[in-house]
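Values below: every heavy atom of this structure, side chains too, minus hydrogens, waters and symmetry copies.
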Amino acid sequence: MLVLFAASLAVLRLYQTDLIQAAVVNAMVQKAPPGEEERIRRTFAECRSQARRDDRQEEYLRALFAVSQRLEKTQKIDQEQLDELLKLLQEAH
């Protein structure tokens, strides 16, 4: 049982960033102006890939949390806010 628990934690740790990213992407898509879904998903995918290549996953995870906190405070985001949030994410890697 302990081995199963340890294995589960290892798998969760491995996919932690992917799970958090999926939640943040979905929240951003819901709050963003219409027609921005592809751009949002592409930007997140590129940033995640770059963070993996550069071994900067902790910094990327912190950026995801920062974006998530900003998204929590609003119902909708305008184009300027979207650009700012995506820039914050891009600067993390």
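Rounded to the nearest 0.5 Å, atoms CG (L86) and CZ (R39) are 5.0 Å apart. Summarising the geometry, atom CZ belonging to R41 is positioned 11.0 Å from atom CE belonging to M28; distances are rounded to the nearest 0.5 Å. Distance OH/Y60 to CD1/I20: 10.5 Å, rounded to 0.5 Å. In this structure, CD in Q21 is found 6.0 Å from CG in L64, a value given to the nearest 0.5 Å. Distance check, rounded to the nearest 0.5 Å: CG of L71 to CG of N26 gives 11.0 Å. From R48, atom CZ reaches atom OG1 of T17 across 4.5 Å, with rounding to the nearest 0.5 Å.
In this structure, the side chain of Q81 engages the main chain of D78 through a donor-acceptor pair within 3.5 Å. Side chain of S49 to backbone of A45: no donor-acceptor contact under 3.5 angstrom is found.
The closest side-chain heavy-atom distance from L88 to R70 is below 4.5 Å.
E36 and Q79 are linked by a side-chain donor-acceptor pair at a separation below 3.5 angstrom, with hydrogens and angles left out of the test.
The shortest heavy-atom contact between P33 and I77 is CD-O, 3.3 Å.
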